[in-house]
Protein chains: 2
Amino acid sequence: MAEKENLDKAVCSVHHMAVRDTMDILNGKWKIRIIASLSFHKKRFMELIADIDGIAAKMLSKELQELEMNGLVTRSVLNTKPITVEYELTPYGHTLKPVINEMAAWGMKHRKKVMKGSALK
Amino acid sequence: MAEKENLDKAVCSVHHMAVRDTMDILNGKWKIRIIASLSFHKKRFMELIADIDGIAAKMLSKELQELEMNGLVTRSVLNTKPITVEYELTPYGHTLKPVINEMAAWGMKHRKKVMKGSALK
DNA sequence: GGTGTAGGTTTCCTTTAGGAAACCAGTTTC
DNA sequence: GAAACTGGTTTCCTAAAGGAAACCTACACC
């Protein structure tokens, strides 16, 4: 029936739009990995550099700014000598953890699958 | 205790690696959206073009090839006149649905939040 | 006053992603 | 035999992403 079809299409397009919205915020090579890194503990700039393999200071700085603008991360300058800066997920940033965790879960299964595949060759 | 710390680090780095593996496969602007589009029904080339707003034939073709190489999508040429080609998620491709669905869920919550925010201004 | 550390920014450069449009092959319909 | 449709590929081009290295500020230590 036509009504059911239309409903299907509507559900579908809302789904697509939502996926797209999420990807627009998590765009680029690094954001997801930064959030993943912060999802365990808050970290300082240098700790993030060390933790996220391959990222350059420029990119980290830029991506953190975007995440901060989107309300996912907070930046706090600590009153230490020399100053240290802590980055932390906001409560809103933590709502992305299910997304990250599903990615991690899939990545682990995938790694196992790939390793099994290459062992069979 | 040092053992607990080491365990933490190990868990953490496995998590990071898994997230990275997933992102390596879903790289680029389009793959996630293609999978999202196929997660409801199999679709033909032209249907995908229509469904995924903004994608060009070149990109769709290229991304579908990569997805096929990674065993996430199958391509079947149907014996119709003119020939039509159907793309479908493999069972393995379907295992990505939880990831996509979490993204969609977050995207919907985010859209509501943004709309509420702009209404308050 | 030289060295070191934290946290960046700036500059310069290369690579890649991605878009637009033209083109093509096979088949059908007019 | 011209036009139209599907499912692409090819070419050409631009914009954006990203990397490396130098530089900068503020403070501390010695």
Side-chain angles (χ1 to χ4, degrees), chain A residues 16 19-38 41-70 72-90, chain B residues 16 19-38 41-70 72-90:
Chain A
H16 291 179
V19 168
R20 189 178 172 174
D21 286 347
T22 302
M23 292 312 294
D24 283 348
I25 289 195
L26 301 181
N27 63 48
K29 190 174 171 180
W30 301 109
K31 292 205 185 62
I32 290 179
R33 292 180 59 192
I34 292 170
I35 294 171
S37 177
L38 289 176
H41 310 288
K42 58 188 166 185
K43 290 207 175 67
R44 290 182 297 116
F45 192 82
M46 288 306 190
E47 289 178 311
L48 283 168
I49 295 255
D51 198 44
I52 302 172
D53 192 47
I55 199 169
K58 185 184 88 170
M59 291 309 297
L60 180 56
S61 170
K62 203 195 70 181
E63 301 282 81
L64 283 169
Q65 281 171 30
E66 292 179 29
L67 291 173
E68 206 188 341
M69 276 190 282
N70 281 314
L72 300 172
V73 161
T74 53
R75 176 181 187 274
S76 357
V77 178
L78 300 187
N79 197 7
T80 54
K81 304 298 172 68
I83 58 160
T84 49
V85 180
E86 259 180 14
Y87 291 93
E88 186 172 8
L89 286 189
T90 62
Chain B
H16 292 180
V19 168
R20 190 178 171 175
D21 286 347
T22 303
M23 292 312 294
D24 283 348
I25 290 195
L26 301 181
N27 64 45
K29 190 175 172 180
W30 300 109
K31 291 204 186 66
I32 290 179
R33 292 180 59 191
I34 292 170
I35 294 170
S37 177
L38 290 176
H41 310 289
K42 58 187 166 185
K43 291 207 172 71
R44 290 182 297 115
F45 192 82
M46 287 306 192
E47 289 179 310
L48 283 168
I49 296 256
D51 198 45
I52 302 172
D53 191 48
I55 199 169
K58 186 184 88 171
M59 292 308 298
L60 181 56
S61 168
K62 204 195 70 181
E63 301 283 79
L64 282 169
Q65 280 173 29
E66 291 178 31
L67 291 172
E68 205 187 344
M69 274 190 282
N70 281 313
L72 300 172
V73 162
T74 53
R75 175 181 188 275
S76 356
V77 178
L78 300 187
N79 197 7
T80 55
K81 306 295 170 69
I83 58 159
T84 49
V85 181
E86 258 180 13
Y87 291 94
E88 186 171 10
L89 286 188
T90 62

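Proteins come first, then strands; the chains are lettered A, B, ... in the order of their sequence lines, and each starts at number 1. Scope of the values below: all heavy atoms of this structure, side chains included, with no hydrogens, waters or symmetry mates.
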(message) By the definition side-chain contact (heavy atoms from CB on, under 4.5 Å), identify the one residue from B:Ile52, B:Asp51, B:Leu72 that meets it with B:Ile34.
(response) B:Ile52

(request) Determine whether A:Leu89 and A:Val73 make a side-chain contact, defined as any pair of heavy atoms from C-beta on separated by less than 4.5 Å. (result) yes

(request) Measure across B:Val19 and A:Ala36 and return the closest heavy-atom pair with its distance rounded to 0.1 Å. (result) CG2-CB, 4.3 Å

Give me, pair by pair, the N or O atoms of the protein and of nucleotides 21-30 of chain C that are less than 3.5 Å apart, along with how far apart they are.
none

(message) What is the separation between atom NZ on B:Lys31 and atom C1' on C:dG18, rounded to the nearest whole Å?
(response) 12 Å

(request) Could you check how far CG of B:Leu78 sits from P of D:dG7, rounded to whole Å? (result) 9 Å

(request) Can you sort out which residues in residues 59-69 of chain A have a heavy atom within less than 4.0 Å of DNA chain C? Ascending by number, please. (result) A:Ser61, A:Gln65

(request) Under the side chain to side chain contact (heavy atoms under 4.5 Å, CB included) rule, collect the residues that match up with A:Glu88, sequence neighbours excluded. (result) A:Lys42, A:Thr74

(request) Between C:dG19, D:dG7, C:dG7, spot the one nearest the side chain of A:Phe45, thanks. (result) C:dG7

(request) For D:dG8, take OP1 and OP2 only and decide whether either is under 4.0 Å from a side-chain N or O of B:Arg75. (result) yes

(message) If I take atom CG in residue B:Asn27 and atom C1' in nucleotide D:dA16, what distance separates them, rounded to the nearest angstrom?
(response) 16 Å

(message) So if I take every side-chain heavy atom of B:Arg44 and compare against D:dT6, C:dA6, C:dG8, which nucleotide ends up nearest?
(response) D:dT6

(request) Write down the distance between CD (B:Glu86) and P (D:dG8), rounded to a whole number of angstrom. (result) 12 Å

(message) In the structure I gave you, are the side-chain heavy atoms of B:Leu64 and B:Leu48 within less than 4.5 Å of one another anywhere?
(response) yes

(message) Counting only side-chain heavy atoms from C-beta out, which of D:dG7, C:dT9, D:dG18 sits nearest to A:Trp30?
(response) D:dG18

(request) Grab the CZ-C1' distance between A:Arg33 and D:dA17 for me, whole Å please. (result) 15 Å

(request) To the nearest Å, give me how far apart CG (A:Asn79) and P (D:dA26) are. (result) 16 Å

(message) For residues 55-66 of chain A, which residue pairs pass the salt bridge (Lys or Arg N to Asp or Glu O under 4.0 Å) check, not counting sequence neighbours?
(response) A:Lys31-A:Glu63, A:Lys31-A:Glu66

(message) Just the rounded figure in Å: distance from P of C:dT16 to NZ of B:Lys29.
(response) 19 Å

(message) Applying side chain to side chain contact (heavy atoms under 4.5 Å, CB included), can you list everything that pairs with B:Glu47, at least two apart in sequence or on another chain?
(response) B:Lys43, B:Arg44

(message) So, using side chain to side chain contact (heavy atoms under 4.5 Å, CB included) as the criterion, who are the partners of A:Asp53 when residues are at least two apart?
(response) A:Arg33, B:Arg20

(message) For A:Leu60 versus A:Ile49, what's the shortest heavy-atom pair and its separation?
(response) CD2-CG1, 3.6 Å

(request) Could you state the atom-to-atom distance from CD1 of B:Ile55 to P of C:dG18 in whole Å? (result) 9 Å

(message) Quick check on D:dT6: is either OP1 or OP2 less than 4.0 Å from any side-chain nitrogen or oxygen of B:Tyr87?
(response) no

